Amino acid sequence: MNILIIGGTGFIGKEVIKQLVVEEVSLTLLVRNKAKAAALTELASSKIQLVTGDLTQPNLGLNEMDKKKVLKSQAILHCGGPMDITLSEELAKTAFLEGSKRVMDLAEEIHHHTGLQRLVHIVGYMSPINDNDNSWKNMDVFRDEHPDLIDAPPYEKMKFLADIYIRQEVKKNKIPLTVINPPTVIGDDQTGSTEQLGGLGLFIKIIRNGFLPVIPGGKNYRLPLINNNILAQFIVETIISDSKGNETYTFVPDKKSDRNIATLMSLISESMNIKTPRVTVPHWLLTFIMSFGGSKLTGVPKASLNFLTNESFNNQSVKENFEPELVSKMPASNIPQTIADIDFRQTFTDQNIMPYERKSINGITYYHLKGSDKPIILFHGLFSDGTDLFNLGLELNKQTNKAIFIVDLPGFGRSPFIKNPNILTPYIEMIQSIKELVPQGSSFIGHSFGAALLIEAFSRKILLDTDKIILLQPPVNKTIKEPYNWLSKIILKNTSYKQLAKYFNQNGLLVASDVVSDNYLKRVMESIESPRILNTTLQLNKELKKIALNNKMNDSFHVIWGTEDKSYTFKTVNSQISTLPQGHYFPISNPKETAEIIIEMLNNK
């Protein structure tokens, strides 16, 4: 089957393509920029071809050569258009309604040329349009007002009018149509990776900025969510099925099997390490507040509240036409990791992880570089996350050919905070999980707080004498007194880059003033904007004082110590200790020198 995909570079489209390429299909992707879409062809270069086009252009902007390729299509998946609920009516009309006209002009030409087997259109679960054509069959979508769309925001209004137009046109031309109405789409059920920051991302933005300290709507309301890879499975099965009829599928689970908004708010709050709201505010009141100045004050559009619903949805056709095992996966899973990923994306500007592969174990994110067995596992410290150790990992991988694992500790990077009466328990359990994942003889390397965790795991017999343990700047003897947590929080939230750089320099945390150190400090400044990262940092820093690391040190540990650190002291007379004339964060500022010493230690063990 030859399939034309419109919107293949989008959040949903990319996952659908990833799953489609394992089927017996050929894919033609209509993209605005071939260079930006080139990575998609790497999924299966023999099955994927790119054509340049644009929903806003006449004839979709196709040149003659590309048009010939497109006319060979036997099915169309239309999931194109921007995910931006703030679009003006004019822009939304161009992207969706007028775009749908151009898509249907092409679809009709393809149908007369080769005979379309199916057109699949992705719309949205709040659409009031269904297979009953009484309300729309004679409607002129470019002139008439549909009664159910009069008060709808421009984004939704134009998407739903486009839905009507496509339904009208396929009926005239007898093209089999499937309309898919998904709820809010979040990251996959393995890593939670969510590139699309509309939908749940807007909700997280409100919460992390402190603008939603209440439960909106109450227990009768919910925010239906579906994992991107699960939705893609439904779409792929729809495209390759033999069905010739028209159908509308709404992938919203039954109310009784879905979490309500109070439960979701609790899950978000725990993952973000903030207080869970207890007070409920009626949905109509929040809408009123957002209409009269609330949106302007918070910077969050009123339309974002439209994702909340107290309605039930007809999903009977889904239950009848798909396998029960897949249907049971409609309610999204792995939400905490999705929340952490969204918070990470909203916090940091640089998010490229290449050449690392992102993976997950028990809800914790880690990054992997392929190599030989007996890998090296790296644990970061406070005021950092796994990505800060990427350069060190690359150096170790290049010089040893060993596989590299770099973990985002709970509450940092892309890992959610895990609430527990004993704050250290999730961190020790994480080390246990990683140890069970890797073979015996692997090397565990921790920096600062990460080193403290390895010491604690050793004292609890999670790590043993037979394990290779290297500690980078273990925080064993604090020499400077810090203010109370509440005061530290105020200071950090109000500090400037200049003040932060001065503090790091004066206390020997960073010595050099180079590009690497500058980029690191910028990331520290960005991290302070995340309540998840800031609160976790302060809580764990306080916990460090209780661990009594001095009494848990062992002669079998190898230590690398930065001698310019003025915040901690360490006796460097043991033969197992090597030094660097650098500050506390030397694994970040000096990865190559750090890697050389680590390799020497590994070779001497």
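Fair warning: this is a prediction, and the values are worked out from it, not measured in the lab. For the numbers below, each heavy atom of this structure counts, side chains included, while hydrogens, waters and symmetry mates do not.
Contact detail for Ser415 and Ile364: the closest heavy-atom pair is OG-CG2, 3.6 Å.
Between the side chains of Arg523 and Thr387, a donor-acceptor pair is found at a separation under 3.5 Å. Residues Asp343 and Ser530 have side chains that bring a donor and an acceptor to within less than 3.5 angstrom of each other.
At a threshold of 4.5 Å between non-hydrogen side-chain atoms, the residues Phe96 and Leu161 do not count as touching. Counting heavy atoms from C-beta on, the side chains of His146 and Phe160 never come closer than 4.5 Å.
Residue pairs that meet the side-chain hydrogen bond (donor to acceptor under 3.5 Å, both in side chains) test with at least one member in residues 332-342, sequence neighbours left out, are Asn227-Ser333, Asn334-Gln337, Gln337-Ser360, Gln337-Thr365, Asp341-Arg345, Asp341-Arg358, Asp341-Arg414. Screening residues 29-52 for side-chain hydrogen bond (donor to acceptor under 3.5 Å, both in side chains) gives Thr28-Gln49 as the qualifying pairs, with residues at least two apart or on separate chains. Residue pairs meeting the side-chain hydrogen bond (donor to acceptor under 3.5 Å, both in side chains) criterion with at least one member in residues 177-186, sequence neighbours excluded, are Arg118-Thr178.
Within 6.0 Å of atom NZ in Lys68, 12 or fewer heavy atoms from other residues, nucleotides or ligands are found, so the atom counts as exposed in its surroundings. The number of heavy atoms from other shown groups lying within 6.0 Å of CG (Asp151) does not exceed 12. The 12-atom threshold is not exceeded at NZ of Lys18, counting heavy atoms of other residues, nucleotides or ligands nearer than 6.0 Å. Dense packing is recorded around CD of Gln316, with more than 12 heavy atoms of other residues, nucleotides or ligands lying under 6.0 Å away.
Taking the six-membered ring for Trp and thresholds of 30 and 60 degrees, Tyr366 and His368 have ring planes more than 60 degrees apart, a perpendicular arrangement. The aromatic rings of His78 and His121 lie parallel to each other, their planes meeting at an angle below 30°, with 60° marking the opposite boundary. Note: Tyr356 and Tyr367 have perpendicular aromatic rings, judged against thresholds of 30 and 60 degrees for the angle between ring planes.
Note on Asp189 versus Lys329: no salt bridge recorded, every NZ/NE/NH1/NH2 to OD/OE distance being 4.0 Å or above. Using a 4.0 Å cut-off between charged side-chain N and carboxylate O, Lys101 and Asp105 make a salt bridge.
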